[in-house]
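Below is one structure, written out as C-alpha cells; comments come after it.
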Amino acid sequence: MGYSNAYNAYQKTNINTASQGRLVVLLYEGIIKQLTTAGTYIENDGKIRPENIEKYGICIQKAQAIITELQVSLDMEKGGEIARNLMSLYVFFNEELLAANINHNKDKLDFVLRMVKDLTESWRQIANSVANAPAATVQNALNIQG
C-alpha cells in the first residue's frame, strides 16, 4: 500500500470513528486548509495569476460547501441562541467568502480564516470536554442533530 493509499485509509478511519465534536473540528480544519490554500494564490500585489484563478475559486467554493454543511447540521430547536448565533456567523462567512471570491479580496479571506481558527480552538475544547460523555449529552452540548 502506497503512502497515498495509507493516508487515505487513515483519514477514512479518523472520520468514521470520530465523535460528533471531533467531526465538527475536522470540518473546521477543512475550511482552514481550503482558505489557507486560497490565500497562497494571491500575490503580494493583491492579484491572482490567470492560471491560478480557477484554483483559488475552487478552494473558496470548497470552504463554502463545508460551511453550508455546518449550517445544515445545526439543530435550531434544541440549539437555542447558540445555534442561532452560529447560523448567523456561517451566513456571514459565506457572504464574505463570496465577496472574497468575486473581488479576490485577501482581507476578507484572512478575516474569515482568523475567525474560523478561533472557532476551531473553541470546538476542540468543547469536543475534548465532552469526549467521554453520553451521546445525548454531546449532542446537546454541541447543538447538533443526532
Side-chain angles (χ1 to χ4, degrees), residues 1-43 46 48 52-146:
M1 179 183 298
Y3 171 77
S4 180
N5 290 339
Y7 178 76
N8 289 337
Y10 168 78
Q11 284 295 88
K12 186 174 182 179
T13 300
N14 191 24
I15 291 168
N16 289 338
T17 61
S19 68
Q20 290 179 327
R22 179 71 183 129
L23 288 174
V24 173
V25 171
L26 289 171
L27 289 170
Y28 276 110
E29 289 173 348
I31 297 167
I32 291 168
K33 177 182 176 185
Q34 293 304 320
L35 296 183
T36 300
T37 301
T40 65
Y41 295 120
I42 300 175
E43 302 288 324
I48 300 174
N52 291 330
I53 291 173
E54 183 179 5
K55 295 174 194 171
Y56 173 82
I58 289 170
C59 289
I60 299 291
Q61 290 169 4
K62 285 180 179 180
Q64 288 179 298
I66 296 169
I67 292 167
T68 300
E69 188 62 34
L70 287 165
Q71 283 178 278
V72 299
S73 73
L74 290 171
D75 186 332
M76 299 307 287
E77 290 180 25
K78 293 180 185 175
E81 186 178 348
I82 292 173
R84 286 190 299 277
N85 289 341
L86 283 171
M87 179 63 78
S88 295
L89 195 57
Y90 295 153
V91 168
F92 173 73
F93 285 168
N94 270 331
E95 289 171 353
E96 291 293 285
L97 291 176
L98 178 63
N101 196 6
I102 292 169
N103 302 316
H104 304 159
N105 188 321
K106 184 147 173 56
D107 291 337
K108 287 185 182 291
L109 182 74
D110 288 343
F111 176 77
V112 173
L113 181 57
R114 279 192 308 274
M115 294 290 292
V116 171
K117 284 180 177 180
D118 289 345
L119 282 169
T120 303
E121 189 51 42
S122 297
W123 278 101
R124 270 193 195 105
Q125 291 174 6
I126 291 168
N128 289 338
S129 69
V130 296
N132 296 316
T137 304
V138 173
Q139 288 175 341
N140 290 338
L142 300 177
N143 298 305
I144 54 178
Q145 298 173 3

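At a threshold of 4.5 Å between non-hydrogen side-chain atoms, the residues Phe93 and Ile31 do not count as touching. Taking the side chain as every heavy atom from C-beta outward, Leu86 and Tyr90 approach each other to under 4.5 Å. Between Arg22 and Val25 the shortest side-chain heavy-atom distance falls below 4.5 Å.
A pairwise comparison of heavy atoms in Met87 and Leu74 identifies N-CD1, 3.6 Å as the closest pair. Gln34 and Lys62 make their closest contact through OE1-CD, 3.5 Å (heavy atoms, listed as atom of the first residue, atom of the second, distance). Counting all heavy atoms, side chain and backbone alike, Cys59 lies closest to Thr37 at SG-CG2, 3.6 Å. Residues Gly30 and Ile66 approach most closely at C-CD1, 3.7 Å, considering heavy atoms. For the residue pair Ala83 and Asp75, the shortest heavy atom distance occurs at CB-O, 3.8 Å. Annotation for Leu35 and Ala63: closest pair CD2-CB, 3.6 Å, computed over non-hydrogen atoms.
We find the CG-CD1 distance between Leu27 and Ile67 to be 10.5 Å, quoted to the nearest 0.5 Å. Between Leu23 atom CG and Ser73 atom OG the span is 10.0 Å, to the nearest 0.5 Å. From Asn128, atom CG reaches atom CH2 of Trp123 across 13.0 Å, with rounding to the nearest 0.5 Å. Atom CD1 of Ile82 and atom CG of Leu89 lie 13.0 Å apart (nearest 0.5 Å).
Take Glu54 and apply the side chain to side chain donor-acceptor pair (under 3.5 Å) test, not counting sequence neighbours, and it matches no residue.
The backbone N or O of Lys33 lies less than 3.5 Å from no partner atom in the side chain of Thr36, so there is not a single donor-acceptor pair.
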Please tabulate, for side-chain N and O atoms in residues 107-119, each donor-acceptor pair with protein atoms closer than 3.5 Å (sequence neighbours left out).
{"residue": "Lys108", "atom": "NZ", "partner": "Glu96", "partner atom": "OE1", "Å": "3.2"}
{"residue": "Lys108", "atom": "NZ", "partner": "Glu96", "partner atom": "OE2", "Å": "3.4"}
{"residue": "Asp110", "atom": "OD1", "partner": "Lys106", "partner atom": "NZ", "Å": "3.3"}

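Of the charged side-chain nitrogens involved, at least one lies within less than 4.0 Å of a carboxylate oxygen, so that Glu121 and Arg124 count as a salt-bridged pair.
Between His104 and Tyr56, the two ring planes are perpendicular [angle over 60°; tilted spans 30° to 60°].
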